[in-house]
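For clarity, every value in this text was computed on a predicted model and none was experimentally measured. Count residues from 1 along the sequence.
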Amino acid sequence: IMTRYGGLTEGTAIAVLTQASDTLGELMGMGYTVTLDGFGTFKATVGLKRFKEMDTIDGDDTKDIDDAISIERLENNNFKLGVHIADVTHYIRPGSLLDQEASERGTSVYLVDRTIPMLPERLSNQLCSLRPHEDKCCFSVLFKMDAAANVKEYQIVHTLINSDRRFTYEEAQTVIETGEGEMKEEILMLNELAKKLRENRFVNGAIAFERTEVRFEIDDKGKPLSVYFKESKEANKLIEEFMLLANRTVAEHIGKVKLK
């Protein structure tokens, strides 16, 4: 949470990461070259957006942190909500070997004791992962919402974000249940908006697909020790609601018929 960019203004470039190559060997040689000249392969139209109250909420064992949320209370009891998705296209060129391999895999595969990533871990767990206190390239959907979670306007933009706090679901859930903890005001605001979004979805005919996730505790040798059920609580549903909102908004935006 709490992104800070000092006096930087929109359009100011602060860093460039070396562009993706066509081979995995060259990809592993990617560095973190810092420059004030621009974004390299990034479009010239990219601008830095300044956000407040930025965080990520994921499982405690998550390494590929691919989404973040930000929130700011505006005048007239409105809110500025940001849903930020890691932009892997900054590093992968269309038709490259990385692009072809990722297309073949289709998605990352999550097994009991390991993850088989769609992209090399150098990308998924490091360069693209929205880890705290690191500048990261994102595609973001920025919403202006009222207190009833009605979207008044939105923008879909390239952004460079910097998250100040990573929460696990359990940490965020504790704040929701007790009303106490780090960044409690922001998490409680997000949860209230998420509950209203969920209520609105059901009023409009959405179906609730409740599920129970089975998890395994294993030792360092991969031997199963126990099995337990993981319940989806408000912190999980909070993230789900904002991801659904962003996905639906982008789908509606690109699906609009352009009048000639």
Side-chain angles (χ1 to χ4, degrees), residues 1-6 8 48-86 129-136 138 140-155 159-202 208 210 213 215 228-247 249:
I1 295 183
M2 293 301 294
T3 299
R4 304 180 186 89
Y5 275 114
L8 290 179
L48 299 186
K49 300 292 183 180
R50 188 177 181 181
F51 302 103
K52 297 181 179 180
E53 292 77 34
M54 171 83 66
D55 74 343
T56 62
I57 303 177
D58 289 278
D60 55 6
D61 57 350
T62 300
K63 295 182 176 63
D64 53 338
I65 305 172
D66 55 7
D67 54 68
I69 51 178
S70 61
I71 189 168
E72 178 182 358
R73 187 185 293 275
L74 304 176
E75 296 179 356
N76 302 323
N77 204 30
N78 286 333
F79 299 90
K80 181 179 181 180
L81 171 75
V83 179
H84 313 277
I85 308 299
S129 184
L130 306 183
R131 301 184 298 189
H133 312 300
E134 297 179 6
D135 296 321
K136 299 294 181 176
C138 286
S140 300
V141 188
L142 311 179
F143 300 94
K144 183 177 180 180
M145 309 176 72
D146 63 20
N150 297 309
V151 175
K152 298 300 183 181
E153 57 185 70
Y154 69 88
Q155 290 178 290
T159 54
L160 186 68
I161 74 166
N162 189 308
S163 172
D164 266 357
R165 180 67 158 88
R166 175 190 174 180
F167 285 92
T168 65
Y169 287 119
E170 290 75 16
E171 290 174 332
Q173 185 63 36
T174 297
V175 175
I176 291 172
E177 291 178 353
T178 64
E180 297 296 333
E182 189 175 355
M183 310 313 296
K184 62 181 182 181
E185 181 179 350
E186 291 74 33
I187 291 179
L188 294 176
M189 278 194 295
L190 288 167
N191 190 51
E192 286 303 312
L193 287 175
K195 288 194 293 185
K196 290 181 173 66
L197 284 171
R198 188 158 57 248
E199 180 181 342
N200 293 341
R201 280 199 304 113
F202 292 145
E210 297 295 338
E213 184 179 354
R215 301 296 295 270
Y228 60 96
F229 295 106
K230 186 173 182 180
E231 182 183 356
S232 180
K233 297 185 177 180
E234 287 182 289
N236 305 80
K237 294 176 181 178
L238 181 158
I239 294 299
E240 290 176 359
E241 285 303 323
F242 294 129
M243 294 306 112
L244 282 172
L245 175 64
N247 288 337
T249 300

Take L197 and L245 through the test side-chain contact (heavy atoms from CB on, under 4.5 Å) and record every step on the way to the result.
CA-CA 8 Å; L197 284 171; L245 175 64; 4.1 Å; yes
S140 side chain to L142 backbone, donor-acceptor under 3.5 Å:
no
If I take atom CG from residue D146 and atom CG from residue L74, how far apart are they, to the nearest 0.5 angstrom?
11.5 Å
K184 and V175 have their tightest heavy-atom pair at CA-CG1, 3.7 Å
Could you please spell out the steps behind the salt bridge (Lys or Arg N to Asp or Glu O under 4.0 Å) verdict for E240 and R198?
CA-CA 10 Å; E240 290 176 359; R198 188 158 57 248; over 6 Å; no
Test salt bridge (Lys or Arg N to Asp or Glu O under 4.0 Å) on K237 and E234; report intermediate values, then the result.
CA-CA 5 Å; K237 294 176 181 178; E234 287 182 289; over 6 Å; no
Run the side-chain contact (heavy atoms from CB on, under 4.5 Å) check on R165 and E186 step by step: do they pass?
CA-CA 12 Å; R165 180 67 158 88; E186 291 74 33; over 6 Å; no
So how far is it from L81 CG to I69 CD1, rounded to the nearest 0.5 Å?
7.5 Å
Check: N200 side chain, K196 main-chain N or O, donor-acceptor pair, under 3.5 Å:
yes
For the pair V83 and D67, evaluate side-chain contact (heavy atoms from CB on, under 4.5 Å) and give the outcome as yes or no after the intermediate values.
CA-CA 7 Å; V83 179; D67 54 68; 5.6 Å; no
side-chain contact (heavy atoms from CB on, under 4.5 Å) between N78 and K144: does it pass, once the steps are laid out?
CA-CA 7 Å; N78 286 333; K144 183 177 180 180; 3.8 Å; yes
Check S129 against K136 and note the closest heavy-atom contact, atom names and distance.
O-CE, 2.9 Å
By salt bridge (charged side-chain N to carboxylate O under 4.0 Å, His left out), K233 pairs with (sequence neighbours left out) none
If the test is side-chain contact (heavy atoms from CB on, under 4.5 Å), which one of N162, I161, D66 qualifies with L130?
I161
Sorted by chain and number, sequence neighbours left out, side-chain contact (heavy atoms from CB on, under 4.5 Å) with N77 holds for R73, F79, A147
Distance-minimising heavy-atom pair for Q173 and A235:
OE1-N, 2.9 Å
Got a second to check how far Y228's OH is from K230's NZ, nearest 0.5 Å?
6.5 Å
Quick one: CD1 on I187 to OG1 on T174, what's the gap to the nearest 0.5 Å?
9.5 Å
Under 4.0 Å between a side-chain nitrogen and a carboxylate oxygen: does that hold for E192 and K195?
yes
When rounded to the nearest 0.5 Å, the distance separating SG of C138 from CG of L160 is 8.0 Å
Closest approach of A246 and V141, non-hydrogen atoms and distance?
CB-CG2, 4.2 Å
Can you establish whether the number of heavy atoms outside F229 located under 6.0 Å from its atom CZ is more than 12?
no
I need the minimum non-hydrogen distance between N236 and S232, along with the two atoms involved.
CB-OG, 3.5 Å
Value for CD (Q155) from CZ (F143), rounded to nearest 0.5 Å, stands at 11.0 Å
Nearest heavy-atom contact between E241 and A194 is CG-O, 3.6 Å
Tell me whether E199 at atom CD has more than 12 heavy atoms from other residues, nucleotides or ligands lying less than 6.0 Å away.
no
